[in-house]
Structure formats: structure tokens, C-alpha cells
Number of protein chains: 2
Amino acid sequence: MTDSTRPRARRSPTPDELRAWRGFIETAQTLNARLTSRLQKESGLTSADYTVLLALSEADGRRLRSSELADAVDWERSRLSHHLRRMENRDLVRRVECADDFRGAEVELTDHGARSFRAASVPHLRAVRELFVDALTPEQLDQVEALTAALRSRLDTAPDRAAG
Amino acid sequence: MTDSTRPRARRSPTPDELRAWRGFIETAQTLNARLTSRLQKESGLTSADYTVLLALSEADGRRLRSSELADAVDWERSRLSHHLRRMENRDLVRRVECADDFRGAEVELTDHGARSFRAASVPHLRAVRELFVDALTPEQLDQVEALTAALRSRLDTAPDRAAG
DNA sequence: GGAGCATGATTGACGCGTCAATCACTTCGG
DNA sequence: CCGAAGTGATTGACGCGTCAATCATGCTCC
């Protein structure tokens with residue numbers, strides 16, 4: 001216990017803690033990669049596409065201001081802009097001029113985009129069930145919520161560049 | 001309960017389940033982004049750099065065959081190859097011809113690479129403690145291990161393109 | 001021992017995401 | 001009004017990761 005004289009937060013994680021950390025982050029990444037790959041194969045959409053289409057299909061009139069969309073999906077502006085250009089080229093979305101503020105643009109789901117999203121949705125959600133939900137007990141699912149709540153609250157507290 | 005007539009795995013997740021899923025994957029991504037950004041700012045290394053340097057500094061003689069390194073970090077060959085080129089340009093690693101098999105290459109930590117890794121390591125591990133370990137109770141850390149074990153075993157079982 | 005296949009690794013093309021710079025339009029102060 | 005500051009959104013450059021193609025060397029079997 002030579003570490004016990006140092007403040008806890010300044011020590012490196014113990015091997016056990018590090019194992020938990022690595023397990024957590026690697027599992028999340030693998031899971032994400034697997035879901036993404038299935039989504040792509042089954043429906044030709046990336047998970048970025050899916051995120052955008054989901055946000056748009058939930059919006060009133062299937063359209064959103066660019067900035068609202070950026071907030072909804074929590075992306076940087078320029079990332080959204082680049083991605084919308086690519087999605088527009090594939091006829092998944094359409095940009096239309098905004099009537100009340102000519103700086104702004106509105107983004108609209110095309111019919112093809114709406115259809116693609118609907119077609120992707122069912123197999124995607126099924127995959128989430130297979131690879132995540134069904135792998136865990138109901139108690140574990142509750143634990144997940146508690147864990148992520150705790151982590152999120154820590155993330156919200158710590159102001160990006162380290163804490164005091 | 002109209003769903004109760006359908007096999008469980010074919011249903012979409014319930015709203016609760018979906019919330020747990022979204023919480024899990026988004027938290028993991030945010031956490032990862034935060035750690036990556038701190039690592040980058042504090043030491044000029046990406047997490048990809050860090051991963052490679054960690055694997056190499058744990059290897060005998062600070063060197064590994066390219067393919068062994070690829071296995072160690074679980075990357076595609078070509079990704080590793082691209083990344084090593086970039087790291088070589090920054091004098092973090094060096095490629096040397098392999099004596100016993102002239103197809104192969106060995107990758108070696110440079111002194112500068114070793115120093116960069118050591119310098120990055122302490123603040124990085126401290127950040128892991130701050131943002132992950134210290135956000136959770138010891139019980140929760142145990143839960144994380146059990147959860148990820150369950151998820152991993154599911155991932156290993158399901159043969160990438162869906163399960164029966 | 002040479003043809004054909006296997007293996008280790010690299011390359012090129014391309015879509016992606018970040019950062020900094022920029023463009024276009026609006027608003028505010030005078 | 002006009003100019004300056006503010007705001008919504010796009011662009012360009014660049015590093016990254018994937019996929020398919022390729023290169024170079026080693027291996028096998030007749």
C-alpha cells in the first residue's frame with residue numbers, strides 16, 4: 001500500500017481498473033464496428049447516414065435547419081456540411097433555401113431517403129437486440145443505465161481540459 | 001403484449017432497451033473522444049499512435065514483426081502499414097528489414113518514440129482514472145467487467161453476418 | 001529447378017472528420 | 001443608409017481507415 005499516501009486521483013489505475021477500462025472501451029468499439037458493418041452490408045447506409053436520416057425522419061415535415069440538425073446529432077457544423085453534400089449526391093436528402101433567413105438552409109428527407117431509412121431500420125434494430133440486448137440480463141441492462149449515467153455526469157462535470 | 005407471440009430475438013428493442021443501448025454506445029464514444037483529445041493536446045500523440053507505441057514498448061527488444069504488431073493491436077494490415085509510414089515520418093518508429101524472411105519487416109521503437117510514449121503515459125492514465133475509474137464505484141467496476149465479458153462472448157459467438 | 005500458389009507487406013483510390021479560413025447574409029451603431 | 005460585427009453555413013487541406021490491387025519473397029510439388 002505505498003500508494004495510500006498519495007491522493008487517489010493522481011495515481012495511475014491499478015491493473016484491475018485498467019482491465020475494466022480496456023474491456024469497456026474495446027467492447028464498445030467492437031460492438032460499434034460490428035453494427036456499422038452489418039448496417040452497411042444490409043442497407044448500404046453508414047451509421048452516420050442512419051443518424052442523419054433518423055433525426056430527419058423524426059422532425060416535423062421531415063426537414064430541419066442545418067444548425068438544428070447539427071445540434072440534434074451532436075456533430076460539428078463542417079462535418080454535417082460535408083456529410084450532407086455526400087448524402088445529397090446519393091439522393092438521400094435535399095437542401096432547400098430557408099425562406100426567413102437567406103443565410104440558412106433547410107435539409108429535407110427525400111422519398112428515397114425515407115425509404116432507405118425505413119428499410120434499414122428493422123434489421124438494424126434487430127442487430128442491436130442480437131448483439132447487445134440479448135447478451136445481457138435485465139439486471140445488467142439496468143446496470144448499464146446506471147453506469148452510463150455516472151460516466152456521463154462525470155463527463156459533464158469535467159470541463160474538457162482536465163479537472164482541478 | 002402483442003409482441004409475446006413473436007420470438008424475442010426478432011422483435012425490435014423496447015424503448016427502455018434502446019435507451020440503455022444508446023446510452024452505452026454514446027457514452028463510450030464521448031469518453032473515447034475526450035481521452036483522445038486530451039492525449040493529443042498533452043502529448044501530440046493520437047490514440048492510434050499510443051496503441052502502437054504501447055505494443056512496441058511491451059515487446060522484446062522494443063521491436064515486432066509487422067504482422068505480430070497487427071495482431072497485437074487488432075488492426076488491418078493496410079491500416080497498420082499506412083500508420084507506420086506516418087509514424088516513421090515523425091521519427092516515432094523505424095522499419096528494419098527482417099533477417100530470416102525478406103518479405104517481412106520489423107518495426108522498432110526509436111528513442112524519440114520511447115520517450116514520447118513515456119511522457120504521454122502518465123497523464124493519459126491519470127485521465128483514464130479521472131474520467132472513468134473515479135466516476136464509478138468498485139462494485140460498478142466489477143459490473144463493467146461482467147458486462148463486457150458477456151458482450152464479448154456474444155460477439156465471439158455471432159459469426160459477423162447475423163446469427164441463427 | 002521451375003511453375004504456381006501462398007504469404008508478408010505496401011500502395012492507390014476514395015469516403016470520412018477536423019481544423020482553419022471563408023463566403024453570404026443579417027443586425028446593430030452611428 | 002453604411003460600415004462593422006455577428007451568425008449560418010460551406011470549403012479546402014490534410015490526416016485517417018477501408019477495400020481492392022499489387023509487389024516481392026518464400027514454399028511446394030512434379
Side-chain angles (χ1 to χ4, degrees), chain A residues 29-30 32-41 44-53 63-108 160-161, chain B residues 29-30 32-41 44-53 63-108 160-161:
Chain A
Q29 277 168 2
T30 305
N32 197 46
R34 201 69 88 70
L35 267 307
T36 297
S37 146
R38 276 179 64 158
L39 185 61
Q40 169 80 50
K41 284 183 202 155
L45 297 178
T46 50
S47 72
D49 296 335
Y50 189 86
T51 302
V52 169
L53 294 177
R63 49 163 62 194
L64 279 174
R65 289 287 293 264
S66 242
S67 51
E68 293 172 333
L69 183 51
D71 287 347
V73 301
D74 195 27
W75 282 2
E76 285 203 5
R77 288 290 174 83
S78 71
R79 174 181 180 184
L80 181 61
S81 193
H82 283 305
H83 203 79
L84 288 178
R85 172 176 40 76
R86 294 185 286 250
M87 290 181 78
E88 200 167 19
N89 290 339
R90 294 190 289 143
D91 188 33
L92 293 168
V93 300
R94 189 169 30 231
R95 278 142 150 160
V96 296
E97 242 177 20
C98 186
D100 43 312
D101 185 340
F102 279 76
R103 289 171 303 190
E106 292 203 310
V107 185
E108 195 178 60
D160 204 342
R161 178 81 191 197
Chain B
Q29 277 167 1
T30 305
N32 198 47
R34 201 68 90 70
L35 267 308
T36 297
S37 147
R38 277 180 64 158
L39 184 61
Q40 170 80 48
K41 285 183 202 156
L45 297 178
T46 45
S47 72
D49 296 335
Y50 189 86
T51 302
V52 168
L53 294 176
R63 51 162 62 194
L64 279 174
R65 290 286 294 264
S66 241
S67 51
E68 294 171 333
L69 183 52
D71 287 347
V73 300
D74 196 26
W75 283 2
E76 284 203 7
R77 287 293 173 79
S78 71
R79 175 182 180 183
L80 181 61
S81 193
H82 284 302
H83 204 78
L84 288 178
R85 171 175 41 74
R86 295 184 286 249
M87 290 181 77
E88 200 167 19
N89 290 340
R90 295 190 289 145
D91 189 33
L92 293 169
V93 300
R94 190 169 30 232
R95 277 144 151 158
V96 297
E97 241 178 21
C98 185
D100 42 311
D101 185 341
F102 280 77
R103 288 171 306 188
E106 292 203 310
V107 185
E108 195 178 59
D160 204 342
R161 180 81 191 197

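Residue numbering restarts at 1 for every chain, and letters A, B, ... go by the order of the sequence lines. Just so you know, these numbers come straight off a predicted model, no measurement behind them.
To the nearest angstrom, C1' of D:dC19 lies 13 Å from NZ of A:K41. At whole-Å resolution of the value, NE2 in A:H83 and C1' in C:dT18 are 15 Å apart. In this structure, A:Q40 atom CD and D:dG17 atom C1' are separated by 13 Å, rounded to whole Å. The NE2-C1' distance, from A:H82 to D:dC14, rounds to 11 Å in whole Å. Atom CZ in A:R65 sits about 11 Å away from atom P in D:dT10, given to the nearest Å. Between the P atom of D:dG8 and the CG atom of A:L84 lies a distance of 16 Å, rounded to the nearest Å. Straight-line distance from the CG atom of B:L64 to the P atom of C:dA9: 11 Å, rounded to whole Å. The nearest whole Å value for the distance from the CG atom in B:L69 to the P atom in C:dT10 is 11 Å.
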Grab the N/O contacts between the protein and nucleotides 25-28 of chain D below 3.5 Å, and write none if there aren't any.
| from | atom 1 | to | atom 2 | distance (Å) |
| --- | --- | --- | --- | --- |
| D:dG26 | OP1 | B:F102 | N | 3.1 |

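A pairwise comparison of heavy atoms in B:T46 and B:L39 identifies O-CD2, 3.7 Å as the closest pair. In terms of heavy-atom proximity, B:R77 sits nearest to B:S67 at NH2-CB, 3.4 Å. Residues B:L69 and B:L84 share a closest heavy-atom pair of CD2-CD2, 4.3 Å. Heavy atoms only, all atoms of each residue included: A:R85 and A:R95 are closest at CA-NH1, 3.5 Å. The shortest heavy-atom contact between B:G104 and B:C98 is O-CB, 3.2 Å. Between B:S66 and B:V107, the shortest heavy-atom contact is OG-CG2, 4.0 Å.
Direction of the helix axis in the helix from C:dG1-D:dC30 to C:dG30-D:dC1 shifts by 10° between the two five-pair termini, rounded to 10°.
Residues from residues 87-99 of chain A placing a heavy atom under 4.0 Å of any atom in DNA chain D, listed by number, are A:R95. A heavy-atom distance below 4.0 Å to DNA chain D is reached by these residues of residues 73-81 of chain A, ordered by number: A:R77, A:S78, A:S81.
Residue order along DNA chain C, read from the 5' end via each residue's closest nucleotide, puts B:A105 first among A:R86 and B:A105.
Panel note: side chain B:S37, backbone B:A33; no donor-acceptor pair is recorded below 3.5 Å. With hydrogens and angles disregarded, a donor-acceptor distance shorter than 3.5 Å links the side chain of B:T36 to the backbone of B:N32.
The distance from atom CE of B:M87 to atom CG of B:L80, rounded to the nearest 0.5 Å, is 9.5 Å. In this structure, CZ on B:R65 lies 8.0 Å from CZ on B:R103, to the nearest 0.5 angstrom.
Remark: B:R94 engages B:E108 in a side chain to side chain donor-acceptor pair (under 3.5 Å) (not counting sequence neighbours).
The ring-ring contact (aromatic ring centres under 6.0 Å, His included) contacts involving residues 76-106 of chain B comprise B:W75-B:H83, where partners must be two or more places apart or lie in separate chains.
Heavy-atom contacts from other residues, nucleotides or ligands closer than 6.0 Å to CG of B:D74 number 12 or fewer.
A side-chain hydrogen bond (donor to acceptor under 3.5 Å, both in side chains) with A:D49 is found for one member of A:R86, A:R90, A:Q40 and no other, namely A:R90.
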